[in-house]
Amino acid sequence: MDLITDRPIELAPLVASVQSPERGGVAVFLGQVRNHHEGRGVVGLEYSAYEPMAEAECARILAEARSRWGAAVALRHRIGALSVGDAAVAVVAASAHRESAFAACRYVIEEVKRRVPIWKREHYADGSLAWVDPTATLQRT
Amino acid sequence: MTTAAPSVVTVHVLLFASYADALGVDTLDLTLPAGSTVGTVIERLRALPGGDRLPLKPLCARNLAHAAAGDALVAGDQIAVLPPMAGG
């Protein structure tokens, strides 16, 4: 399954893939490229991945969410060059009620950020580039 | 007739993002003594030029799943050394 993609993310087919008459709650998380990071202007970025493991880890996360909340869940993460405003990641979760839809959606995006081997190199307004290290940010704050 | 156990294992190592930049390569094969672990791979990498920029205990994967430093190596393993993840 292509959970990791180098093509633009289309939200509507993802939502459609989890909808069904018995699922009344659909939660959507869309992560977009923002134009700043720690006070610096960001003009774009590149995502790279260890693709076979990223696919496998994403599939494991989705299976966990389905098992834990009985929700239907779908995920796409973009790799390659992205511009400000582009969708980098989308998670949709559908369940009978909103609580489990929100919980499953939240679980998937948090686990993706924690476990999936994807890396981000930001391009700054001053022309410089840097790999983003979220753990360094945690240590600073 | 008996076959002696191999005295070495060769594994395929993958480096990504800032770690690939640090060592100047993204793949290499390492031949290590039998009984070596994922941690042995890290020790060898840290001894290479630029390897001191790797942390002492980076995240690692063995054959597409997260691995611990003490995991034993099997010939042909794919060992990936993973910088801090930044997806999402």
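Proteins get letters first, then strands, A, B, ... in listed order; numbering begins at 1 in each.
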When only pairs under 4.5 Å are counted, which of A/Ala88, A/Pro117, A/Ala56 shares the most heavy-atom pairs with chain B?
A/Pro117

Of the listed A/Glu46, A/Arg60, A/Arg121, the one with the largest count of heavy-atom pairs under 4.5 Å with chain B is A/Arg60

A/Ala90 portion near chain B, given a 4.5 angstrom heavy-atom threshold:
neither

Between A/Trp119 and B/Phe16, how do the two ring planes meet: parallel, tilted or perpendicular, split at 30° and 60°?
parallel

Using non-hydrogen atoms and a 4.5 Å limit, figure out which bit of B/Asn63 sits close to chain A: side chain, backbone, both or neither.
neither

Check whether [X] and [Y] end up in the same hydrophobic cluster, where Ile, Leu, Val, Met, Phe, Trp and Tyr are linked by side-chain heavy atoms less than 4.5 Å apart.
X        : Y        : value
A/Ile109 : A/Ile9   : no
A/Val112 : A/Leu14  : no
B/Leu48  : B/Ile79  : yes
A/Val92  : A/Val108 : no
A/Phe29  : A/Tyr107 : yes

If you compare all heavy atoms of A/Tyr50 against all heavy atoms of B/Ala80, which two are closest, and at what distance to 0.1 Å?
CE2-CB, 3.3 Å

Report yes or no: does B/His66 contribute a side-chain atom to a donor-acceptor pair with the main-chain N or O of A/Arg115 at less than 3.5 Å?
yes

Would you say the side-chain atoms of A/Tyr47 pair up with the backbone N or O of B/Gly88, donor to acceptor, closer than 3.5 Å?
yes

Taking OH in A/Tyr124 as the centre, count heavy atoms belonging to other residues, nucleotides or ligands within less than 6.0 Å. Is the count above 12?
yes

I'd like to know whether CD of A/Glu110 has more than 12 heavy-atom contacts from other residues, nucleotides or ligands below 6.0 angstrom.
yes

Report the distance from atom CE of A/Met53 to atom CG of B/Leu14, rounding to the nearest 0.5 Å.
11.0 Å

At what distance, to the nearest 0.5 angstrom, does NZ of A/Lys113 lie from CE of B/Met85?
13.0 Å

Give the member of B/Ala61, B/Pro83, B/Ala65 that has the highest number of heavy-atom pairs under 4.5 Å with chain A.
B/Pro83

